[in-house]
Amino acid sequence: KVALSDVAEAEPTLSHPGVEFIHVVQGRLSYRCGRQLYELGPGDSLTFATRAAHGPEALLSKDVVLLTAICEPVAL
């Protein structure tokens with residue numbers, strides 16, 4: 001669970017190996033995934049390859065809460 005009350009609390013735009021799933025529980029935000037910006041609200045979800053630059057761009061309401069799961073590749 002990730003709770004944000006100011007976009008400055010978020011990490012800068014990230015890029016790393018794997019796949020990520022985010023689900024908005026509360027609030028509204030603009031979320032970058034590659035070159036695309038998505039306006040997300042409660043009940044909205046995204047799944048994406050994490051090599052694309054990604055992260056919150058702007059909080060569109062106070063107190064945004066996200067559930068997030070990241071699957072990173074494992075060397076066998």
Side-chain angles (χ1 to χ4, degrees):
K1 176 176 134 181
V2 177
L4 303 169
S5 57
D6 185 331
V7 78
E9 292 179 342
E11 295 183 35
T13 303
L14 301 171
S15 176
H16 52 90
V19 174
E20 186 165 345
F21 169 81
I22 65 167
H23 177 78
V24 181
V25 175
Q26 174 184 319
R28 299 191 68 73
L29 76 157
S30 176
Y31 196 90
R32 172 168 303 283
C33 187
R35 294 182 188 159
Q36 187 69 39
L37 286 176
Y38 296 93
E39 189 172 311
L40 305 173
D44 291 337
S45 299
L46 280 177
T47 302
F48 52 90
T50 55
R51 282 278 183 210
H54 61 279
E57 283 283 315
L59 300 185
L60 305 176
S61 70
K62 222 174 173 186
D63 301 322
V64 174
V65 177
L66 306 172
L67 294 178
T68 184
I70 301 170
C71 298
E72 296 179 347
V74 176
L76 298 176

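Just so you know, these numbers come straight off a predicted model, no measurement behind them. Heavy-atom basis, side chains included; hydrogens, waters and symmetry copies ignored.
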Visitor: How many angstroms lie between atom OG1 of T68 and atom CZ of F21, to the nearest 0.5 angstrom?
Guide: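 Nearest 0.5 Å value for the OG1-CZ distance: 8.5 Å.
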Visitor: Might you point out which heavy atoms bring S61 and G27 nearest each other, and give the distance in Å?
Guide: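 Heavy atoms only, the tightest pair is OG-CA, 3.1 Å.
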Visitor: Indicate the atoms forming the closest heavy-atom contact of P42 with V25, along with that distance.
Guide: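 That closest heavy-atom pairing would be CB-O, 3.9 Å.
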Visitor: Keeping the roles fixed (side chain from S15, backbone from R51), state whether a donor-acceptor pair exists under 3.5 Å.
Guide: yes
Visitor: Taking only residues two or more places apart in sequence, or in another chain, which ones meet S45 in a side chain to side chain donor-acceptor pair (under 3.5 Å)?
Guide: H23
Visitor: Any pair with a residue in residues 61-74 that passes salt bridge (Lys or Arg N to Asp or Glu O under 4.0 Å), sequence neighbours left out, goes on the list, sorted by first then second residue, please.
Guide: none
Visitor: Evaluate the criterion side-chain contact (heavy atoms from CB on, under 4.5 Å) for residue pair I22 and L40; output intermediate values, then yes/no.
Guide: CA-CA 10 Å; I22 65 167; L40 305 173; 4.0 Å; yes
Visitor: Name the residue from R32, E20, Q36 that meets the side-chain hydrogen bond (donor to acceptor under 3.5 Å, both in side chains) definition with H54.
Guide: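 Among R32, E20, Q36, the one that satisfies the side-chain hydrogen bond (donor to acceptor under 3.5 Å, both in side chains) with H54 is E20.
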Visitor: Salt bridge (Lys or Arg N to Asp or Glu O under 4.0 Å): which pairs involve residues 36-45, sequence neighbours left out?
Guide: R28-E39
Visitor: At what distance, to the nearest 0.5 angstrom, does OG of S30 lie from CG of L59?
Guide: 9.5 Å
Visitor: Applying a strict under-4.5 Å side-chain criterion to I, L, V, M, F, W and Y, I'd like to know whether V65 and L67 cluster together.
Guide: yes
Visitor: Using the rule that two of Ile, Leu, Val, Met, Phe, Trp, Tyr join whenever any of their side-chain heavy atoms come within less than 4.5 Å, decide whether L66 and Y38 are in one cluster.
Guide: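 In one cluster with L66: Y38, yes.
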Visitor: Is V2 reachable from I70 through a run of I, L, V, M, F, W or Y residues, each pair having side-chain heavy atoms under 4.5 Å apart?
Guide: no
